[in-house]
There are 2 protein chains.
Amino acid sequence: MKVSVRKREIIKVASQLFKDKGYNAVSMRDIALELGIKAASLYNHIEGKQEILSILVLDLAKEFTLGMNKIASSELSPTQKIEQLIEMHIDITVTQSEALAALNNDWMHLEGEDLKSFIEMRDDYEENFRSIIKAGIANKEIKNYHPEVILFSILSTLRTLYLWYQKRGKLDVNVLKKDMVAVLLKGII
Amino acid sequence: MKVSVRKREIIKVASQLFKDKGYNAVSMRDIALELGIKAASLYNHIEGKQEILSILVLDLAKEFTLGMNKIASSELSPTQKIEQLIEMHIDITVTQSEALAALNNDWMHLEGEDLKSFIEMRDDYEENFRSIIKAGIANKEIKNYHPEVILFSILSTLRTLYLWYQKRGKLDVNVLKKDMVAVLLKGII
DNA sequence: GTCTATAGGATGATAGAC
DNA sequence: GTCTATCATCCTATAGAC
C-alpha cells in the first residue's frame with residue numbers, strides 16, 4: 001500500500017474540491033487544472049475518479065472503526081466512553097475535514113465492494129455507539145430517553161462538525177472539546 | 001404563482017431522486033423515466049433542471065424564515081422559543097423530508113440570485129437563533145457555554161433529522177418531540 | 001510524467017411533427 | 001402534452017508521441 005507523493009497531492013486537491021461542490025460536480029479536468037496539469041496525466045498516478053473517492057472514504061471509515069473498537073473495549077464507564085468518542089470526532093474533524101465531508105456527503109457514490117464495506121463499517125460503528133448508550137441507561141448513568149434519540153442527537157452533531165469548524169475555526173480545540181462534551185452530556189439549561 | 005398539477009408531480013418525483021443520489025447525479029432522463037414520459041416532455045412544464053432545485057430549496061427556506069420570524073417576535077421566553085423551534089423542525093422533517101434533503105445537500109448548486117437569496121435567508125435564520133440563545137444566557141435560563149457551540153449542536157441535530165427519521169420512522173412524532181426537546185435542552189446525564 | 005488527440009457515452013436543452 | 005430527432009457540450013478514460 002505505498003502511495004506516491006504525487007498521488008497524495010491529487011487526493012488532497014480532489015478532496016478540497018469535493019468538499020465544496022460534491023463528488024459529481026467535480027470533473028477530472030477541475031482536479032487537473034488545480035494541479036497545473038492536464039486531466040489525462042492524472043491517470044499515470046491513479047486508476048480513476050472512483051479510486052480517489054474510495055481512498056478518501058474508506059481510509060477514514062477504517063480510522064473511525066479502529067478508534068471505536070479501542071474505546072468500546074476499554075474499561076471506561078459508558079459516560080467516559082462517550083466523552084472519548086466526542087473527543088475523537090473533534091480531533092478527526094480538525095485534521096481531516098475534507099475527507100470527513102466526502103464520508104458524509106459522497107459515500108453513496110461508492111460502487112460495488114467499496115460501497116458494501118463502507119455501509120458495514122458505518123452500521124457497526126452505530127451499533128457500538130448504541131450499545132454504549134444502552135449500557136449507560138441500564139447503569140442509570142444516562143437518563144432513560146429513547147436510545148435512538150440520544151444516539152442520533154450526538155452523532156448528527158459530531159458528523160456535521162466539519163461544516164461549522166471551518167467557519168468558526170478560530171475557536172481553540174480544547175475549549176471546543178470541553179464545551180461540546182458539556183452541551184451534549186449535560187444539556188444547556 | 002400558479003403551479004400546475006403536472007409540475008407538482010415533476011417536482012415531487014425529482015425531489016425523491018435528489019434525496020437518494022444528489023442533484024448532480026440525477027438526470028432529466030431519470031426524472032422522466034420515473035414519470036413514464038420522455039425527457040423532452042418535461043420542458044413543457046418546467047423551465048429546466050435548475051428551476052426544480054430553486055423551487056424545492058427556496059420555498060422551504062421561506063417557510064423556515066416565516067416560522068422563525070413568528071417565534072422570534074413572540075413574547076415567549078428564550079427557552080420556550082427554542083422548544084418551539086425544535087418542534088417546527090420536527091414538523092417540517094416529517095412532512096417535507098425530500099425538500100429538506102435538497103436544502104441541506106444541494107443548495108450550493110443554486111445559481112445567481114437564487115443562491116444569493118438562499119444564503120441570505122440561511123444567515124438570517126442562524127442570526128435569529130443565535131440571538132435567542134444569547135438572550136437566554138443573559139437571562140440565566142441557559143448555561144454560559146460558548147453560544148456558537150450551543151447553536152451548532154442544536155441546529156446540526158435538527159437539520160439532519162430527516163436522514164434518521166426515514167429509517168426509524170415508526171417512532172411517534174409526539175414522543176420524538178418530547179424526547180428531542182429533553183435531550184437537547186436538559187442533556188442525557 | 002506530461003502532453004495531444006480522440007474515443008465513446010451521458011447530459012441539458014431545443015425544434016418541430018403529431 | 002408527448003413524441004422523435006438532434007445539437008452542442010461535457011464527461012471519464014485510453015493510446016501513443018515526446
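Both backbone and side-chain heavy atoms feed into the values below; hydrogens, waters and symmetry mates do not. In what follows, every chain begins at residue 1, and chains take the letters A, B, ... in the order their sequences are listed.
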**Prompt:** Any ion pair linking B:E87 and B:K81 (charged N to carboxylate O, less than 4.0 Å)?
**Reply:** no

**Check ion pair B:K62-B:E120 (N to O, under 4.0 angstrom)** = no

**Request:** Applying ring pair (Phe, Tyr, Trp, His ring centres under 6.0 Å), name anything that partners B:Y23, two or more places apart in sequence or on another chain.
**Result:** B:F18, B:H109

**Message:** My understanding is that only residues two or more places apart in sequence, or in another chain, count here; which of them pass ring pair (Phe, Tyr, Trp, His ring centres under 6.0 Å) with A:F64?
**Reply:** A:H89, A:Y125

Under 3.5 Å between N/O atoms: give me all the protein pairs with nucleotides 15-18 of chain D, atom names plus distance.
none

Output all residues satisfying salt bridge (charged side-chain N to carboxylate O under 4.0 Å, His left out) with [X], sequence neighbours left out; order by chain, then residue number.
{"X": "A:E148", "value": "A:R130, B:R168"}
{"X": "A:K177", "value": "A:D91"}
{"X": "A:E51", "value": "A:K7"}
{"X": "B:E9", "value": "B:R6"}

**Item:** Residue pairs fulfilling ring pair (Phe, Tyr, Trp, His ring centres under 6.0 Å) with at least one residue in residues 135-158 of chain B, sequence neighbours excluded
**Value:** A:W164-B:F152

Can you measure [X] atom [atom1] to [N] atom [atom2] for me and round it to whole angstrom units?
{"X": "A:Q50", "N": "D:dC11", "atom1": "CD", "atom2": "P", "answer": "17 Å"}
{"X": "A:I37", "N": "C:dT4", "atom1": "CD1", "atom2": "P", "answer": "12 Å"}
{"X": "A:L35", "N": "C:dC3", "atom1": "CG", "atom2": "C1'", "answer": "15 Å"}
{"X": "B:H45", "N": "C:dA13", "atom1": "NE2", "atom2": "P", "answer": "15 Å"}

Side-chain N or O of [X] closer than 4.0 Å to phosphate OP1/OP2 of [N]:
{"X": "B:K49", "N": "C:dG12", "result": "yes"}
{"X": "A:Y43", "N": "D:dA13", "result": "yes"}
{"X": "A:S41", "N": "C:dG1", "result": "no"}

**Asked** Going by number, which of residues 103-112 of chain B have a non-hydrogen atom under 4.0 Å from DNA chain C?
**Response** none

Sequence neighbours excluded and cut-off under 3.5 Å, please list the side-chain donor-acceptor pairs for residues 66-74 of chain A, or say none.
residue : atom : partner : partner atom : Å
A:N69   : ND2  : A:T65   : O            : 3.4
A:S73   : OG   : A:N69   : O            : 2.8
A:S73   : OG   : A:K70   : O            : 3.3
A:S74   : OG   : A:I71   : O            : 2.7
A:S74   : OG   : A:L76   : N            : 3.4

**Contacting residues from residues 15-33 of chain A, given that a heavy atom lies under 4.0 angstrom of DNA chain D** = A:V26, A:S27, A:M28, A:R29

**Message:** With salt bridge (Lys or Arg N to Asp or Glu O under 4.0 Å) as the rule and sequence neighbours excluded, what pairs involving residues 23-36 of chain B come up?
**Reply:** B:K21-B:D30

